Structures are given as C-alpha cells and as structure tokens.
Amino acid sequence: MDALLIVDLQNDFCPGGALEVPEGDTIVPVVNDLAENFDHVIQTQDWHPDGHQSFASTHPEHDPYDVIDVDYGDQVLWPDHCVQGTEGAEFHPELDTTHSELIIRKGFRPEIDSYSAFYENDGETATGLAGYLRDRGIDTLYVCGLATDFCVKWSAVDGREEGMDVYVIEDATRGIDQDGSLAQAWEDMNDAGVQVVSSDAAMELTVA
Ligand code: VGL
Ligand code: ZN
C-alpha cells in the first residue's frame, strides 16, 4: 500500500521565511495535486523549541551554517526556524492538508535535531513513523516537500533502511544546496536504492 509523505512544507522553508529554500513555495500546487490522488497522506512538521541546539543563536560564538560537533556527530547550525507556535512553523497557507491522516512533529527535543521523519539525528530516537506505517500495512512511500538535501533525503534513506520501497518526486521537492549538499543528496538517495520519479509518473504508479 502506498502513502504520500509531505516533508516540512512550512512557511520558514519558503521564500521570505527564516530558512528559505529557493523556489520552495513553487511545489505547493504540485503537492496539492498529488495529495488528492493518494489514498493515504502523511506530513511532517519541523517543530523546534526556542534555544534549540541546532540554532546558531544558541551558540553565540558561531554563525549560521557553521558545523559543530555534538554528541551524535556533525551538526549544521541553522538560523532560528520553525519555532513552536510561530507563523514560520505553520504549513504554507496554500497547502491543502485536508487529506493528511497523520502529522509527525520532529525536532522538539532541545538537544537533538531531526531531519528524518523516522529517526532523530542521533540515529536512535524514533518518531514512531516506522511502527505506524507497519501497523497500517503501508510499504511504499512517495516523498516530496522540503528540503531535498536534508529532511527529504534523510526520510527517504531511512525509509529504505526500514525496508520500504521509496520514491522521491523530483518536481515536488526543492533543495537548500549548502556546500554541494544537493548533488550529494541525490547520490546518497541513489546509493540507498531510492527511486526518482516525476509527479506525473507518481500519479500513474499509485493506485488511487
Ligand atoms: C530542515 C534544516 C533544518 C529540512 C529542517 O526540513 O530540510 N533543514 N531543519
Ligand atoms: Zn529544523
């Protein structure tokens, strides 16, 4: 059974937001079309408390996009974004969320960042998504949303780790491209056995 996973399609990742992804908002109509065609739709929402470890502002000696060493390895320091309860953390106003059966919030633990919809960045703390998908008999994920090179990539790769068939919908995702991270992400997804499809192909492949 198939599900569409819409990753972090939130104001702060769209132009004008705190951590804007170039053209991030342009995927909204494509994602809305997809959501209407899938039987099951799941979303993630980046949801950080003030003073989150991943915020550069939490480390006065650092600037945004510096990489620091934390308990679980490298951590990129981001501008403050998707702070719980703020407008930046809301979904894009034109995103149609009516079809969404589950919304997974991630990154709410002050000390751990979370890119993947399955596991936080320590690689151990589960969000519960794997169990949910298994309980519901969902074995195929079509992933779209923001950003290709961070949360989309890690969600897709972890989906493969969980034994799922995973497709990333190329024209329904956009990347940040920090230091070559976008090309690296496509390579990592390919190595993990993630397949790349267009939104048209995704709608034909899935049985609505
Ligand atoms: C994301 C950086 C920090 C993402 C979230 O959604 O890709 N990137 N938090
Ligand atoms: Zn974040």
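One-based numbering, in listed order, for ligands and for the atoms of each. Quick caveat: nothing in here was measured; it's all calculated off a predicted structure.
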**OP:** Please identify which atoms of ligand 1 are closer than 4.0 Å to at least one heavy atom of C151.
**Re:** 1 (C), 4 (C), 5 (C), 6 (O), 7 (O)

Original post:
Is there a nitrogen or oxygen of D46 sitting under 3.5 Å from a nitrogen or oxygen of ligand 1?
Top reply: yes

Original post:
Would you say the side-chain atoms of Q45 pair up with the backbone N or O of A89, donor to acceptor, closer than 3.5 Å?
Top reply: yes

Subject >> Atom nearest to the Zn ion (ligand 2) - D46, N, O or S atoms considered >> reply: OD2

Subject >> Shortest non-hydrogen separation from A147 to T173 and the atoms involved >> reply: C-OG1, 4.5 Å

Subject >> Heavy atom of Q10, distance to ligand 1 below 4.0 Å >> reply: no

Original post:
For the atom pair OG1 (T206) and CG (D39), what is the distance rounded to the nearest 0.5 Å?
Top reply: 7.0 Å

Subject >> Ligand-residue contact atoms, ligand 1 with D8, heavy atoms, under 4.0 Å >> reply: 4 (C), 6 (O)

Subject >> salt_bridge(E120, R109) N-O dist < 4.0 Å >> reply: yes

Original post:
Has D8 got an N, O or S atom lying less than 2.8 Å from the Zn ion (ligand 2)?
Top reply: no

Original post:
Side chain, backbone, both or neither: which part of D149 comes within less than 4.0 Å of ligand 1 when only heavy atoms are counted?
Top reply: neither

Subject >> Distance-only N or O hit between ligand 1 and F13, under 3.5 Å >> reply: no

**OP:** Answer yes or no: does an N/O atom from H81 fall short of 3.5 Å to an N/O atom of ligand 1?
**Re:** yes

Original post:
Between R105 and D46, is the closest basic N to carboxylate O distance under 4.0 Å?
Top reply: no

**OP:** Would you give the length of the straight line joining atom CD of Q75 to atom CG of N121, rounded to the nearest 0.5 angstrom?
**Re:** 6.0 Å

Subject >> Side chains of D149 and Y115 in contact at under 4.5 Å (non-hydrogen atoms) >> reply: no

Original post:
Just by distance, do the side chain of H52 and the backbone of S54 share a donor-acceptor pair under 3.5 Å?
Top reply: yes

Original post:
Is the distance from the Zn ion (ligand 2) to some N, O or S atom of H52 under 2.8 Å?
Top reply: no

Original post:
Is H81 close enough to the Zn ion (ligand 2) to have an N, O or S atom under 2.8 Å?
Top reply: yes

**OP:** Considering only non-hydrogen protein atoms, determine which one is nearest to atom 8 (N) of ligand 1 and report residue, atom name and distance to 0.1 Å.
**Re:** F150 CB, 3.8 Å

